[in-house]
Visitor: 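Provided herewith is a single structure, encoded as structure tokens, for subsequent inquiry.
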Amino acid sequence: MPEMLEVESYRRLALRCLQRTIAEVDAPDPWYLKDGLSAAAVVDVLRGRRFDAARRTGKLLMLDIRDGPVLGLHFGMTGRLVVDGDVGAVDGLLYGPSRIAAAWVRLTVRFDDGGAMAMVDARRLGGITLDPDETALGPDAAVVTRKQLTTILDRSRAPLKAVLMDQRRLAGLGNLLTDEALWRAGLHPGRPANDLDAAEITKLHKAIRATLRICGQRGGSHTGDLVPHRQPGGVCPRTGVPLERLTIGGRTTWFSPARQHPSPRRGASVEPL
DNA sequence: CCGGATGTTCACCT
DNA sequence: GAGGTGAACATCCG
């Protein structure tokens, strides 16, 4: 499933759709349309029009319809975007590119040039909206400033990982990217968010950016150094110590007890006499 | 057969 | 009010 890196690659794919006239629209799954949206309404706002821009905040892809509302696409865990038969630069997702069942196609937009854009989602965990509430999302993790991150963390004593994955506070990070960033920062996922000191926040901010840059270059959220070790018997790729598993924010969490300590004080003995 | 999986939302507790 | 848990969605994989 798409975390923000995958959605960003879908956005780039969607750029191929801009300025092409939409001839036909099919939204066969009413359940997939959110906020009481009807298939007829989707057809109505798209047919005969064209997309002016493809934007993204976090995991939300937004296509601006000229003289119309914004088409919002949420991909959930198994959603994918297909344009002109090309699934784009995302590899290694749960459902490989060769396995697309016709029944999983939740939206088809055919252009008058014979091409098409399709949203495919086996598990139906994603959804389609019109004029999605962009203000419901926090700043995108790729552009969040250190100052913004500080404010986000200071406002909650919930576990650090839960705060980082809360899309209303910070948009874009999912389970894999969050574990990877915390591992890179050397921070325990269960630390109270507002417990971090200035140096730790700086470290986290840098780790988030490094994670997005590196995994983005490698091709997606599943390309992190920690990912292949997120399983029973997995070891920290940096120290060789066995990884530990927790459930935080309802999600399976893997971390290295050697590098990610549950208390702020780590390593050096700082106890006075 | 069972449990878990890159996500979100909701009901229901504490 | 803030957080946590479990369920739901539907399918595949180990």
Side-chain angles (χ1 to χ4, degrees), chain A residues 1-10 28-36 56-61 72-81 87-106 119-129 132-133 136-138 141 152-182 189-195 211-212 215-216 218-224 226-234 245-254:
Chain A
M1 150 224 175
E3 298 188 36
M4 60 179 287
L5 294 175
E6 284 71 32
V7 178
E8 173 59 17
S9 82
Y10 295 158
D29 183 1
W31 193 88
Y32 206 68
L33 308 175
K34 306 305 177 185
D35 303 334
R56 179 192 64 79
T57 297
K59 306 172 190 174
L60 172 65
L61 178 62
L73 304 181
H74 267 113
F75 292 91
M77 222 151 36
T78 52
R80 305 220 304 272
L81 194 69
V87 298
V90 176
D91 272 328
L93 290 179
L94 195 54
Y95 302 89
S98 59
R99 293 201 27 72
I100 292 181
W104 300 345
V105 178
R106 311 298 170 186
M119 186 172 182
V120 183
D121 187 350
R123 288 181 61 182
R124 300 166 95 202
L125 298 179
I128 296 167
T129 58
D133 182 8
L137 294 171
I152 290 166
L153 297 175
D154 282 348
R155 280 191 187 141
S156 174
R157 54 190 171 77
L160 181 53
K161 175 171 174 176
V163 172
L164 295 178
M165 284 205 308
D166 183 346
Q167 305 298 302
R168 294 164 304 182
R169 293 162 156 140
L170 180 67
L173 298 184
N175 202 27
L176 295 183
L177 289 176
T178 305
D179 275 4
E180 179 81 12
L182 288 171
R191 286 273 299 280
N194 62 6
D195 191 43
T211 297
L212 294 175
C215 292
R218 291 177 183 173
S221 305
H222 58 289
T223 64
L226 196 63
V227 170
H229 304 279
R230 297 173 96 263
Q231 54 181 321
R245 197 194 112 130
L246 292 174
T247 297
I248 295 179
R251 309 301 302 279
T252 295
T253 301
W254 292 89

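Residue numbers begin at 1 in each chain, while the letters A, B, ... track the order of the sequences. For the numbers below, each heavy atom of this structure counts, side chains included, while hydrogens, waters and symmetry mates do not.
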Visitor: Please tell me if the side chains of T78(A) and W104(A) come closer than 4.5 Å, counting only heavy atoms from C-beta onward.
Guide: no
Visitor: Taking the P atom in each of dG3(B) and dG6(C), what is the distance between them to the nearest angstrom?
Guide: 13 Å
Visitor: How close or far is atom P of dT9(B) from atom CG of D35(A), stated in whole angstroms?
Guide: 10 Å
Visitor: Not counting sequence neighbours, which residues clear side-chain contact (heavy atoms from CB on, under 4.5 Å) with D195(A)? List them please.
Guide: R191(A), P192(A), P264(A)
Visitor: Measuring only the P atom in each nucleotide, how far is dG4(B) from dT5(C)? A whole number of Å is fine.
Guide: 14 Å
Visitor: Dot-bracket notation for DNA chain B is requested: 5' to 3', Watson-Crick or G-U wobble pairs only, both distances under 3.5 Å, with ( ), [ ], | and . as defined.
Guide: .||||.||||||||
Visitor: When rounded to the nearest 0.5 angstrom, what is the spacing between CD in E6(A) and CZ in F75(A)?
Guide: 11.0 Å
Visitor: Can you pull every protein N or O that's under 3.5 Å from an N or O on nucleotides 2-5 of chain C?
Guide:
unit_1 : atom_1 : unit_2  : atom_2 : d
dG3(C) : OP1    : S156(A) : OG     : 2.7
dG3(C) : OP1    : R157(A) : N      : 3.3
dG3(C) : OP2    : R169(A) : NH2    : 3.1

Visitor: Tell me every residue that passes side-chain contact (heavy atoms from CB on, under 4.5 Å) with A158(A), counting only those two or more places apart in sequence or in another chain.
Guide: S156(A), V163(A)
Visitor: Using whole Å, report how far CD of Q231(A) lies from P of dC13(C).
Guide: 17 Å
Visitor: As a test of reading the structure: which of dT11(C), dA5(B), dC9(C) is closest to the side chain of R124(A), going by heavy atoms?
Guide: dC9(C)
Visitor: Roughly, in whole Å, what's the span from CZ in R230(A) to C1' in dA5(B)?
Guide: 10 Å
Visitor: I want to check one thing: is the phosphate of dA5(B), taken as OP1 and OP2, less than 4.0 Å away from some side-chain N or O of T252(A)?
Guide: yes
Visitor: Find the distance L125(A):CG to dT9(B):C1' and express it as a whole number of Å.
Guide: 11 Å
Visitor: Test of understanding: with side-chain contact (heavy atoms from CB on, under 4.5 Å), list the residues that count as partners of L137(A), not counting sequence neighbours.
Guide: T57(A), L60(A), Q167(A), A171(A)
Visitor: When you look at R106(A) and D121(A), which way does the salt bridge (Lys or Arg N to Asp or Glu O under 4.0 Å) test go after all the steps?
Guide: CA-CA 7 Å; R106(A) 311 298 170 186; D121(A) 187 350; 5.6 Å; no
Visitor: To the nearest 0.5 Å, what is the distance between CG (L226(A)) and CH2 (W254(A))?
Guide: 9.5 Å
Visitor: Rounded to whole Å, please give me the gap between CZ in R123(A) and P in dG4(B).
Guide: 13 Å
Visitor: Is the shortest side-chain N/O distance from K34(A) to OP1 or OP2 of dT9(B) below 4.0 Å?
Guide: no
Visitor: Could you pull out all residues at least two apart from D179(A) that satisfy salt bridge (Lys or Arg N to Asp or Glu O under 4.0 Å)?
Guide: K161(A), R230(A)
Visitor: Expressed in angstrom and rounded to an integer, what is the separation of M165(A) atom CE from dA5(B) atom P?
Guide: 12 Å
Visitor: In whole angstrom, give the distance that lies between atom CE of M77(A) and atom P of dA10(C).
Guide: 13 Å
Visitor: Write down the distance between CZ (F75(A)) and C1' (dA5(B)), rounded to a whole number of angstrom.
Guide: 19 Å
